[in-house]
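Remarks on the structure that follows.
Proteins get letters first, then strands, A, B, ... in listed order; numbering begins at 1 in each.
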Amino acid sequence: MDNDDVAKVLGETADMLELAGENFFRVRAYRNAAQSIRDQTVQVADLTPEQIDEIPGIGADLAKKVRTVVETGDLPLHHELAAKFPPRLLELRDVSGLGPKRLKLLIDRLNIRSRDDLENAVKSGRLRKLSGFGPKLEQRIGESLQRHGAGQGGRMLYADAARIAAQLSAHMRNCGAIRKLEIAGSFRRRRETVGDLDVLASADDSAAVMKHFIGFPDVTQVTGSGETKASVVLKGGMQVDLRVVPPKSFGAALVYFTGSKSHNVHLRRIAQARGLLLNEYGLFREGSAVAGRTEQEIYRALGISWITPELREDRGEIEASAAGKLPRLIERGNLRGDLHTHSLYTDGHASIEAMVRQARDNGLEYIAITDHSRRLAMAHGLDPERLREQRKEIDRIQKKLTGITVLQGIEVDILEDGTLDLPDDALGALDWVVASVHYKLEQSSAQMTRRLCKAIRNRKVDVIGHPSGRLLGHREPSNFDLSEILRVAREEGCTLEVNSQPVRLDLNDTACLAAKRAGVKVVISSDAHSTRDLQLLEYGINQARRGWIEKDDVLNTRPRKDLRARR
DNA sequence: GATCATACGATCGTCACTATTCATAGTGA
């Protein structure tokens with residue numbers, strides 16, 4: 001059990017307690033504990049009960065329960081509650097417009113037990129007849145269901161897939177028969193969501209590899225198993241396919257299974273034009289192998305240089321490679337600072353000092369603390385008065401700590417008319433201003449374009465945070481005219497954020513590419529709400545790399561003194 | 001269920017928006 005597993009049990013317990021009508025504060029205690037555990041940088045499994053008790057938000061009772069979860073993988077309370085509700089109920093948690101109260105009503109009155117039940121109830125118009133429901137709610141719920149079903153198509157966030165991939169790779173490495181191992185597919189291309197994992201192994205004894213693979217502890221079902229191929233379903237529903245190939249074909253298979261499909265089609269066309277045949281077994285001329293052992297070998301034989309998986313979408317990378325003009329993509333080591341982070345002043349879970357120390361330990365030269373502005377009441381957003389208090393604390397910390405520069409920033413809300421949630425003089429006193437939209441995201445494209453452009457034109461604004469506002473699997477991006485936004489950003493010298501939260505990754509890859517082509521700089525930021533979150537930069541980097549972003553396209557690769565050319 | 005602290009019992013992020021019972025409950029950030 002790692003921290004995320006433990007947190008998941010507590011979080012689900014909270015959900016079910018809430019549904020059972022439990023005291024709201026008890027529910028929140030479980031939720032807070034789950035969050036606290038997610039924030040930990042050490043594994044709770046390695047801690048004594050006393051040490052667990054010291055984690056904020058965890059008292060004697062929950063500490064005991066955490067130990068139980070760690071030791072048994074389960075919690076009696078969780079078990080008990082789960083027995084009271086339909087087994088597939090938790091899949092309804094994320095439906096927009098459905099909270100615990102309405103969900104409870106649906107279970108009790110309409111005997112809704114799954115997504116399918118709910119979908120049928122919506123279709124037959126039964127929802128609107130319930131007291132408290134009406135046509136509009138019914139429609140909203142129907143739309144949300146559709147978005148979930150179609151939009152993500154059962155895909156998992158990259159970060160979640162990465163966790164599974166790491167565990168699986170560790171397991172597979174214990175298999176002596178394996179010579180080489182890669183997880184290919186969209187995971188290797190670092191797409192923002194991943195449908196399934198394609199594991200590729202090279203070995204002479206494939207039977208031994210098969211056996212070892214099926215023995216992975218999280219396997220719940222073996223859906224196929226032959227001599228060189230096996231498919232399993234893991235706990236949590238992720239499908240994993242394994243292919244075992246001989247070493248002489250490993251490179252070819254890796255190209256083939258990494259994709260994308262359109263990239264592969266393009267490669268095969270090039271092979272054909274040269275009188276070659278490319279497939280998953282190798283590159284052949286008149287039946288005899290020309291290449292196949294490594295990817296490099298294959299690309300070289302096709303007359304182009306190796307292309308990093310993130311670029312393999314047939315968006316011009318093959319032409320660029322042929323012309324020797326592949327971009328030198330941004331790397332984690334290029335980033336000097338993080339320009340979007342939160343602290344206890346609003347909805348962060350760590351003190352400013354803790355955030356700064358962690359950033360320094362991570363090798364950053366500067367960090368901007370950018371808490372929310374007052375419009376976000378739930379986060380206890382800052383007004384000018386509290387901003388001044390925060391400035392004093394930052395100054396104090398800056399005096400105490402060397403080796404890192406602390407900037408005072410803000411994540412100021414862009415109000416619905418495009419004005420900002422704080423007056424210009426308050427913003428003017430700050431070192432860094434992120435401006436973001438957090439509500440009324442469903443405006444028309446014309447309205448949203450105007451709103452964002454107005455914010456961009458405000459000279460106090462340095463960067464637009466998570467520009468589209470999307471939440472993968474939960475909320476569609478808002479509509480706006482990207483080329484107009486880019487035109488104005490370019491004109492004004494304003495930058496756009498690549499937010500590294502796994503559920504955001506916003507700008508997305510194609511928008512990154514559009515920004516680069518429009519001459520607009522991006523800022524890659526963690527939007528960290530805890531010290532642990534500061535590591536999320538990795539995911540923003542992935543997305544930026546998929547969007548052809550190079551070091552010079554990214555503002556926070558510059559030294560602190562060169563950050564604000566704009567004002 | 002955790003935390004604070006007149007040490008047992010009170011307190012625990014807030015507010016805008018939506019839909020419906022049009023003043024209020026529920027949700028969402």
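Atom CG in A/L130 sits roughly 15 Å away from atom C1' in B/dG26 (whole-Å rounding). Between A/E22 atom CD and B/dG1 atom C1' the separation is 10 Å, expressed in whole Å. Atom pair A/L10:CG and B/dA2:C1' shows a separation of 14 Å (rounding to whole Å applied). What separates NZ of A/K136 from P of B/dT18 is a distance of 9 Å, to the nearest Å. We find that CG of A/N23 is positioned 14 Å from P of B/dA10, with the value rounded to whole Å. If you take CE of A/M378 and C1' of B/dC12, they are 14 Å apart, rounded to a whole angstrom. For the pair A/I141 CD1 and B/dA19 C1', the interatomic distance rounds to 11 Å; values are reported in whole Å. In this structure, CZ of A/R26 is placed 20 Å from P of B/dG9, rounded to the nearest angstrom.
For A/H466 and A/H438, the ring centers are positioned less than 6.0 Å apart. In summary, the aromatic rings of A/H349 and A/H342 are positioned with their centroids too far apart to meet the 6.0 Å limit.
With a cut-off of 3.5 Å on both Watson-Crick or G-U wobble distances, the partner of B/dA2 is given as B/dT11. The base-pairing partner of B/dC22, taking Watson-Crick or G-U wobble contacts with both distances under 3.5 Å, does not exist among the strands shown.
For A/E416, taking side-chain heavy atoms from C-beta onward, the closest of the listed nucleotides B/dG1, B/dC17, B/dT27 is B/dC17. Distance from the side chain of A/L62 is smallest to B/dG1 among B/dA19, B/dA29, B/dG1. The side chain of A/A377 sits closest to B/dC15 out of B/dT27, B/dC15, B/dT20. Residue A/A29 places its side chain closer to B/dG1 than to any other of B/dA29, B/dG1, B/dG26.
Taking the centre and axis of the six-membered ring of A/Y158, the NZ or CZ atom of A/R190 falls outside the cone set by 45° and 6.0 Å.
Comparing the C1' positions of B/dA5 and B/dT11 gives an interatomic distance of 12 Å, to the nearest angstrom. One C1' atom belongs to B/dA16, the other to B/dA10, and the distance between them is 28 Å to the nearest Å. For B/dC8 and B/dT3, the C1' atoms lie 13 Å apart once the distance is rounded to whole Å. Atom name P, nucleotides B/dG26 and B/dC22: the rounded distance is 15 Å, in whole Å. Going from the C1' atom of B/dA7 to that of B/dA2 covers 15 Å, rounded to whole Å.
Of the side-chain N and O atoms in A/Y439, none sit less than 4.0 angstrom from OP1 or OP2 of B/dA29.
As judged by a 4.0 angstrom heavy-atom cut-off over every strand, A/K65 is placed among residues touching the sugar-phosphate backbone only. If you check every strand for non-hydrogen atoms under 4.0 Å, A/R475 touches sugar and phosphate atoms only. No engagement by A/G381 is indicated, since no non-hydrogen atom pair under 4.0 Å with the nucleic acid exists.
Nearest-nucleotide positions on DNA chain B for A/F24 and A/L137 put A/F24 closer to the 5' end. Where A/H380 and A/S131 meet DNA chain B, the nucleotide closest to each residue was compared, and A/H380 sits on the side nearer the 5' end.
Judged by distance alone, the side chains of A/S445 and A/N479 never bring a donor and an acceptor atom under 3.5 Å apart.
Atom CG in A/L106 sits 6.0 Å away from atom CG in A/L110 (nearest 0.5 Å).
Counting non-hydrogen atoms of other residues, nucleotides and ligands closer than 6.0 Å to CZ of A/R38 gives a total above 12.
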